[in-house]
Enquirer: 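Can you keep this structure in mind? I'll have questions shortly.
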There are 2 protein chains.
Amino acid sequence: MGVTKTEIFTDEQNRLATMLKALAHPARIAILQEIIKRKTCICGGLVEELGLAQATISQHLKELKNAGLIQGTIEGVSICYCINPENWTLLEKALGSFFASYKMENSCC
Amino acid sequence: MGVTKTEIFTDEQNRLATMLKALAHPARIAILQEIIKRKTCICGGLVEELGLAQATISQHLKELKNAGLIQGTIEGVSICYCINPENWTLLEKALGSFFASYKMENSCC
DNA sequence: ATAGTATATCGCAATAATACGATTAATATT
DNA sequence: AATATTAATCGTATTATTGCGATATACTAT
């Protein structure tokens, strides 16, 4: 049918998948790296930095915001986007324990 | 146009995005968790465990394999899938340093 | 050889994601 | 008030993803 069957998975699995999906695009990774590199991030700067149209960048920012990875406050005419510290740490920890749950000696093939 | 412009991003950004995309689906997260929980994983068991059709599971396994997250060896009639230790560790480290690059005090809004 | 079992692949329908030009909304400057 | 600047939203074309029934493939057991 083309639509993910979220109802058969746990909330934790769905939440992790949703946040990872927000992360799983090179433009959004680049945006996050740029936000981290500078401390104040204005959308206009990203349009020059990356080679994407303003509408496209704005859309990626919206997805990152919806996923809770970034937050923005109006700063005069422009908008200051930065990392959402709480959710960033949450995802970092969720991923940490997910990866740590695998022990090398479990490999069988 | 509907196709990701990989050429304007670094190889590192594209690689990370590709692996994260493979991870960014609740079914594939569930599959990986199940592979980790048991130590030997047979596709048939997954069909019963998750509520998805055999064709769908097989497709998800293929994506995980293409991304290098799992590997499979023929084990008689069935196939034994397990984590690919090298790539698992690579992704774990790449994500680790990505998340660690953000320092709380960088928050401005 | 035949039948059974396990997994992959094909083909399709439905939906989601990507990108961008054009437009709109909101604030700043003159 | 008129104009410029910044970012969001709309509409749309293109492509990718998800899911599954049907079929194909490959190995086992009888």
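Just the heavy atoms: all of them, side chains too, but no hydrogens, waters or symmetry mates, feed the values below. Proteins get letters first, then strands, A, B, ... in listed order; numbering begins at 1 in each. Everything numeric here is computed off the predicted structure, so don't read it as measured data.
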Enquirer: When we call it a touch if two heavy atoms are under 4.0 Å apart, what does A:Thr56 touch: a base, just sugar-phosphate, or nothing?
Expert: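 Base: the residue A:Thr56, judged by heavy atoms under 4.0 Å, touches a nucleobase.
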
Enquirer: Measure from the side-chain heavy atoms of A:Thr4 and tell me the nearest of D:dT9, D:dT18, C:dA28.
Expert: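 Out of D:dT9, D:dT18, C:dA28, the nucleotide with an atom closest to A:Thr4's side chain is D:dT18.
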
Enquirer: Counting heavy atoms from C-beta on, name the nucleotide in D:dT5, D:dA8, D:dG19 closest to the side chain of A:Lys5.
Expert: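 Looking only at heavy atoms from C-beta outward on A:Lys5, the closest nucleotide is D:dG19.
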
Enquirer: Looking at the side chain of B:His60, which of D:dG19, D:dA7, C:dT7 is the nearest nucleotide?
Expert: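 Of all the options, the side chain of B:His60 is nearest to D:dG19.
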
Enquirer: Whole Å only: how far is the CD1 atom of B:Ile70 from the P atom of C:dA8?
Expert: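 Those two atoms, CD1 and P, are 9 Å apart.
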
Enquirer: With DNA chain D as reference, determine whether B:Val77 or A:Lys62 sits nearer its 5' end, using the nearest nucleotide of each.
Expert: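 In this pair, the answer is A:Lys62.
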
Enquirer: Please state how far atom CG in A:Leu46 lies from atom P in D:dT6, giving the value in whole angstrom units.
Expert: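 To the nearest whole Å, that distance equals 13 Å.
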
Enquirer: Table please: side-chain donor-acceptor pairs of residues 45-63 of chain A below 3.5 Å, with sequence neighbours left out.
Expert:
| residue | atom | partner | partner atom | Å |
| --- | --- | --- | --- | --- |
| A:His60 | ND1 | A:Arg28 | NH1 | 2.9 |
| A:Glu63 | OE1 | A:Arg28 | NH1 | 3.4 |

Enquirer: Atom CG of B:Asn66 to atom P of D:dT17: distance rounded to whole Å?
Expert: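 Rounded to the whole Å, the gap is 11 Å.
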
Enquirer: Would you sort out whether B:Glu34 and B:Lys37 count as a salt bridge (Lys or Arg N to Asp or Glu O under 4.0 Å), showing the intermediate values?
Expert: CA-CA 5 Å; B:Glu34 194 62 24; B:Lys37 205 174 76 182; 3.7 Å; yes

Enquirer: Are B:Leu90 and B:Leu32 connected, step by step, through hydrophobic side chains (Ile, Leu, Val, Met, Phe, Trp, Tyr) whose heavy atoms are closer than 4.5 Å?
Expert: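 Looking at the clustering, B:Leu32 is in a separate group from B:Leu90.
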
Enquirer: Between P on D:dA7 and CD1 on A:Ile42, what's the gap in Å once rounded to a whole number?
Expert: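 Taking atom P of D:dA7 as the reference, CD1 of A:Ile42 is at 7 Å.
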
Enquirer: For DNA chain C, which residues in residues 9-28 of chain A have a heavy atom at a distance below 4.0 Å?
Expert: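 Result for residues 9-28 of chain A: A:Lys21, A:His25, A:Arg28, sorted by number.
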
Enquirer: When all nucleic acid strands are considered with a 4.0 Å heavy-atom cut-off, which category describes A:Leu52: base, sugar-phosphate, or nothing?
Expert: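 Sugar-phosphate only.
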
Enquirer: To the nearest angstrom, how far is A:Glu63 atom CD from D:dA8 atom C1'?
Expert: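 In whole Å, D:dA8 C1' lies 14 Å from A:Glu63 CD.
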
Enquirer: For A:Gln54 and C:dA22, give me the distance from atom CD to atom P, rounded to whole Å.
Expert: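 Roughly 13 Å, once rounded to whole Å.
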
Enquirer: Starting the side chain at C-beta, find the nucleotide from C:dA6, D:dC20, D:dA8 nearest to B:Ala53.
Expert: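 Output: D:dC20.
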
Enquirer: Rounded to whole angstrom units, what separation is found between the CD1 atom of A:Ile8 and the P atom of D:dG19?
Expert: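 Roughly 7 Å, once rounded to whole Å.
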
Enquirer: Ignoring the backbone of A:Tyr81, work out which of C:dT5, D:dA8, D:dT6 is nearest its side chain.
Expert: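 Among C:dT5, D:dA8, D:dT6, the one nearest the side chain of A:Tyr81 is D:dA8.
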
Enquirer: Identify which nucleotide among D:dA8, D:dT28, C:dT15 has an atom closest to any side-chain atom of A:Ser58, counting heavy atoms from C-beta outward.
Expert: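 Output: D:dA8.
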
Enquirer: With the side chain counted from C-beta on, respond yes when B:Leu16 and B:Leu95 share a heavy-atom pair under 4.5 Å apart, and no when they do not.
Expert: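 In contact.
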
Enquirer: Check the angle between the aromatic planes of A:Trp88 and B:Tyr102 and answer parallel, tilted or perpendicular using the 30° and 60° thresholds.
Expert: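 Aromatic pair A:Trp88/B:Tyr102 classed perpendicular.
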
Enquirer: Taking the minimum atom-to-atom distance to the side chain of B:Gln59, which one of D:dG11, D:dC20, D:dA7 wins?
Expert: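 Side chain of B:Gln59 sits closest to D:dC20.
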
Enquirer: Assess whether side-chain contact (heavy atoms from CB on, under 4.5 Å) is satisfied between B:Ile70 and B:Ile31, documenting all intermediate values.
Expert: CA-CA 10 Å; B:Ile70 62 172; B:Ile31 288 173; 5.6 Å; no

Enquirer: Are any of the side-chain heavy atoms of B:Thr89 and B:Lys93 separated by less than 4.5 Å?
Expert: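 Touching, per the 4.5 Å side-chain cut-off.
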
Enquirer: Ignoring the backbone of B:Ala55, work out which of D:dG19, D:dG21, D:dT9 is nearest its side chain.
Expert: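 Closest nucleotide among those given: D:dG21.
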
Enquirer: Nearest whole angstrom, please: distance from the P of C:dA28 to the CD of A:Glu75.
Expert: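 It works out to 10 Å between those atoms.
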
Enquirer: Atom CG in A:Leu91, atom OG1 in A:Thr18: separation rounded to 0.5 Å?
Expert: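 Reported value, rounded in 0.5 Å steps: 11.0 Å.
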
